[in-house]
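What you are looking at is a predicted structure, and each value in this text was computed from that prediction instead of being measured. Just so we're on the same page: letters track the sequence lines, and every chain starts at 1.
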Amino acid sequence: MLRFSLGSIVTLAALAAVSGGLVWAVSSTGAVRGPVEHEIRVVARSYAFEPPVIRARRGDSLRLRFASTDVVHGFYLEGHDLDVTIPPLSRRALVTRGGRTEAAEEVALVLERSGKFRFRCSKTCGAMHPFMQGELIVGPNRLLLASTILSGALLVIGLAWAFIAPERKGPR
Amino acid sequence: MKASLVEKSAVATLAAALVVAVAVPLRIEAWRREARETSVRTLELTGLMRQGVWTDERVTAANSWRGNFRPARPVLVVGEPVRIRLTSADVVHAISIPGLGIAPVEVYPGRYVEIVAVPREVGAFPFYCTTVCGDAHFAMRGVVQVVEAPGAIATPPPEQPGGEYWRAEAPRADAGMVARGAWLFRRQGCVTCHGEEAGGGVANPGAMNANVPALADLARRTFLFTPSDAASLVRALERGPLAALEEAPEIPLYAAVKKQYLATHQIVASGRKAAPMDPASPPPPLEMPAWEARLTGRDIDSVLAYLLTLSQARAAIPAADPGSRTVEGVKP
Amino acid sequence: MSAHPATDRASRGLDLLTRFPRLRWLVRRRWFPLALALPLLVLAVLLSAGALVGTPVGSRSGLVVGVWILWWFLLIAVLLPFGARAWCGVCPVPVIGDWVQRRRLTSVADEDPRVAKGAPGKLVGRNRYFGLAWRWPRALSNLWLQNLGFMLLATFSVVLLTSPLASAVAVLGMVLAATGIAWTFRQRTFCRFLCPVGGFLGLYSMSSTLAVRSRDESVCAGCRDKSCLAGSAGGWGCPWLQYPSRLDRNNACGFCLECVKSCPHGNMTVFLRRPFAERHLLGWDEAFKAYLMVALAIAYSVTYLGPWGELKAAANIGEASDWRAFGLYATGLWALALGVVPGAFVAAAWSGRRLARARVGLRDAALASASALVPFGLLVWIAFSVPLILANGSYVLSAMSDPFGWGWDLFGGADVPWSPLRPHWTPWLQAGFVLVGQGAGLRSGWLTLRDLVGDRRGAAIAFAPSALLVTVIAHLLLLLYAG
């Protein structure tokens, strides 16, 4: 692919290692507070959830209640075994977990993994149904940190290499 | 270079394949239309949320923009089995036909549900959509008529209250709480179950209370026995929620009034299922929805203020609610 | 000769037709790639005709799911990066038009122009075409109509993607338009200058790993017939209005493989090469294509993949009738794609040129730095498409089993519930594609500026503002996808 000199490969590797270490260092120092329980009422309407973004930290727990203002919506949380059918104008929702479905007014969830998990509507509710989604962001968001740092590193290393690496002799 | 035989037959095959590709779906569609019209054995219903109707017309991608599909008015013959095929053209609906023994069954968009039913009695049996499917949900009802013999004339059922209630025009912003409550009572579809001006509830087949409660005596049930008491409470509501009111209005037995009013408010906010008469029969199709997801506390107060204003005129007259077996007082 | 010797040499790689004789045999058959295009045409017409009388529910429509989930993902993530404009070679849209022009499916109308006289139709080179066979006007022989067409489709994309009626009208409309243009203008005018899909396929095929090129320049130099251009008994003259012997960029080569069949010396072949090989943009139309594709990727990621319902409702003009909100959305979209993003990159090119004190025109500097957006745009579009297939790929089986929503079950999958496939991998995959795209884009941009400016450091300085802009966009997308 690209003809990198040994020097630039070493520089790249060093920078990747440094950014990786930075990310992990930053993310470990963040976890000083104890787990928090968030009580959230998720209200669905065509085509968004309110709140659209839920932020929490790893180890927190969520107590979710559901409501819909117009038609039957669903709440499918990526990466977790949870799919809720939300009938409108009712406090009871149909919660599917572990293969079983039962009516419930509240769902309790412990956030064991960090990352970005989208929740999507799982019951066809109109034209934009496949794009009806919200986000659960469980910190520390290592992916965002790492990828942002890498992106910046690409710019910096790239420009630096353009300056530092020796001029190639002969036709390219 | 002239086209060879292979070439010509390739072109002919392609042309034929294209003609078939266009014609096949159209032909299948035409067959289905014929089958629907000549046979009374299959009843095909499509749910439409925009119009709030179960229609027996075919809804396709090419015509779904129409807002004037014909509401289904099925006429069945007693003792003859009928295959009911249900689908939805937009969102999740559910259908319930207690008179034919059909408990609520969910109907998903683009998918079909088939039910075979045999009508056992002659009469008019309402059918309902039992999953809230949008603004026009509460109009999504109809009547299945069962006649004695094919060709017997069925009397048309009465029109259900409410009409196109979701098109009700909002009052001006300064029109006051009672006017807003009147509009909400119509716009949210309350009128379709509780009747015009809450004067008479519709039937709720299979429920302990045979009819949806009419709310004509709401004032009396809230211990407001004179029109001026009811008016005082409405004035208090206009100032703010009762629970946050510092200065109690001058109403006799105010503590009981407030408790009763808040209990009523809670029923409107969190809903209540209708108690079934017979657990073995299909559950009652109508229940009080939980309006808290759609109406604010003030909206609910507006509706209750409207109802109290309506019923204050009858507060002094003893209750005479035909067909209602409701127990006196609203239990929290 | 070719304008960019560096790119020209980079276009070459492994000569696939020499390395794999069976492949060479297949490619030289007159019925290939038509044998793939014909069934696709029948399928497209069948699904579209059925969609008109089928269910209005988009997720249950074989046409909507087949085109916007299956075909789209295969196109942007597999066919385009690895196969250049291979889709154009099997595309069903121009098939009827080709037949109308040629009055043949597989054979070739080859006539000696010196002796042919009096027959109906027009002789172009050695091939006789029916219809009017007019030349497309020079002023429109660029990407501008395709840019506008794609922007129009993008504005109404919600309706197009979710409504079986709109999709059927679009597909059948394209077939009819292509056929009408084929009757009026010569060869693949529709594909080259009008097809909205072809617009971005051409641009991103510059980064692809396949390329149709001539093997040996000296053979072409000694060739009198120029069969690749004029046609011969073996194949039609290049329908894409190219001169295959001198072909050095992928943008307008539609992989119809006529030149491979036509060349009497067997000198045309398909090369497998490194990705991101071609970098030079030749005009503002191509630069604006690159700008608007990146702008739309951002806009789509915000609208479709974001959690903001007001934006989705504003774009959803098919269901709501809030024309005011839609007007705002559409205006924002066009302003972003044709104003903000191009303006930002032109400004970056201008400031880079000043910083480096380079003696190059603004147009050349802008086109050179816009070359960064070719690999970047392609990979960002792949990143955008990942959740479409992971989250909604299960619709393919259920919709294809019941393509018209009539209660069928052709493949046994009609009742398969919606089941996303490892959807929590999505942010990782998306971040990965964005980073690879950014890296490849930075490389392309700098190398192209170096070709223009001459020295490494000058190019780095001149590229720095554009590079920063690309990185900012990458950060924005990472925030959207992963944070």
Side-chain angles (χ1 to χ4, degrees), chain A residues 39-52 54 62-76 82-96 99-107 119-134, chain B residues 47-50 52 61 64-65 87-96 104-111 129-138 140 166 184 187-190 192-193 266-274 283 285-296 299-300 303:
Chain A
E39 268 194 52
I40 299 175
R41 185 157 173 262
V42 175
V43 180
R45 64 177 165 79
S46 298
Y47 299 100
F49 292 97
E50 178 62 42
I54 301 175
L62 295 179
R63 275 180 45 204
L64 300 170
R65 289 173 175 269
F66 299 96
S68 160
T69 61
D70 42 30
V71 299
V72 173
H73 289 288
F75 181 94
Y76 172 94
L82 181 64
D83 190 358
V84 181
T85 303
I86 313 171
L89 304 185
S90 169
R91 278 190 170 177
R92 287 174 309 277
L94 276 173
V95 180
T96 305
R100 281 178 32 240
T101 305
E102 54 189 16
E105 287 196 15
E106 202 177 79
V107 172
F119 42 91
R120 298 169 185 282
C121 180
S122 53
K123 293 286 175 294
T124 307
C125 55
M128 281 292 257
H129 158 74
F131 307 109
M132 178 172 163
Q133 56 195 12
Chain B
L48 289 165
M49 71 171 274
R50 282 273 170 80
S64 62
W65 52 268
T87 187
S88 158
D90 38 42
V91 298
V92 178
H93 296 283
I95 197 161
S96 164
V105 57
E106 284 186 319
V107 179
Y108 290 98
R111 314 275 272 269
C129 174
T130 51
T131 289
V132 178
C133 53
D135 283 349
H137 160 72
F138 297 104
M140 213 163 151
W166 61 95
L184 283 172
R187 171 73 176 74
Q188 297 297 333
C190 317
T192 62
C193 283
Q266 184 58 29
I267 292 178
V268 176
S270 55
R272 193 156 77 166
K273 271 176 118 61
L286 303 175
E287 66 177 34
M288 181 63 185
W291 290 99
E292 61 191 351
R294 218 191 257 183
L295 298 179
T296 62
D299 282 338
I300 298 177
V303 174

Pick whichever of A/Pro88, A/Gly126, A/Ser46 has the most heavy-atom pairs under 4.5 Å with chain B.
A/Pro88
Greatest number of heavy atom pairs closer than 4.5 Å to chain A - which of B/Gly134, B/Ser88, B/Gly110
B/Gly134
Quick one: what part of A/Ser68 sits under 4.5 Å from any heavy atom of chain B, side chain, backbone, both or neither?
backbone
Heavy-atom distances under 4.5 Å only: say whether A/Ser90 touches chain B with side chain, backbone, both or neither.
backbone
A/Arg41 and A/Pro51 have their tightest heavy-atom pair at O-CD, 3.8 Å
Let me know if A/Pro87 has heavy atoms under 4.5 Å from chain B in its side chain, its backbone, both or neither.
neither
Go through the atoms of B/Thr131 and report whether side chain, backbone, both or neither lie under 4.5 Å from a heavy atom of chain A.
side chain
Name the option with the most non-hydrogen atom pairs under 4.5 Å to chain A; the candidates are B/Val92, B/Asp90, B/Val132.
B/Val132
Interface moiety of B/Met288 toward chain A, non-hydrogen atoms closer than 4.5 Å
neither
Is any side-chain heavy atom of B/Arg294 closer than 4.5 Å to one of B/Leu184?
no
Measuring only between side-chain heavy atoms, which start at C-beta, is A/Thr85 closer than 4.5 Å to A/Val72?
yes
What's the verdict on side chain to side chain contact (heavy atoms under 4.5 Å, CB included) for A/Leu64 and A/Phe75, showing C-alpha distance, side-chain angles and the deciding distance?
CA-CA 11 Å; A/Leu64 300 170; A/Phe75 181 94; 4.2 Å; yes
Is A/Arg92 close to chain B through its backbone or its side chain, or both, or neither, when contacts mean heavy atoms under 4.5 Å?
side chain
Can you list the steps and then say if A/His129 with A/Val71 is a side chain to side chain contact (heavy atoms under 4.5 Å, CB included)?
CA-CA 11 Å; A/His129 158 74; A/Val71 299; over 6 Å; no
Where does A/Arg45 contact chain B at under 4.5 Å (heavy atoms): side chain, backbone, both or neither?
neither
Evaluate the ring planes of A/Phe49 and A/Phe119, with Trp represented by its six-membered ring, and classify them as parallel (under 30°), tilted (30 to 60°) or perpendicular (over 60°).
perpendicular
With a 4.5 angstrom heavy-atom cut-off, is it the side chain or the backbone of B/Glu292 that approaches chain A, or both, or neither?
both
Are the side chains of B/Met49 and B/His137 in contact, using a 4.5 Å heavy-atom criterion?
no
Do side-chain atoms of B/Asp135 reach the backbone of B/Trp166 as a donor and acceptor pair under 3.5 angstrom?
no
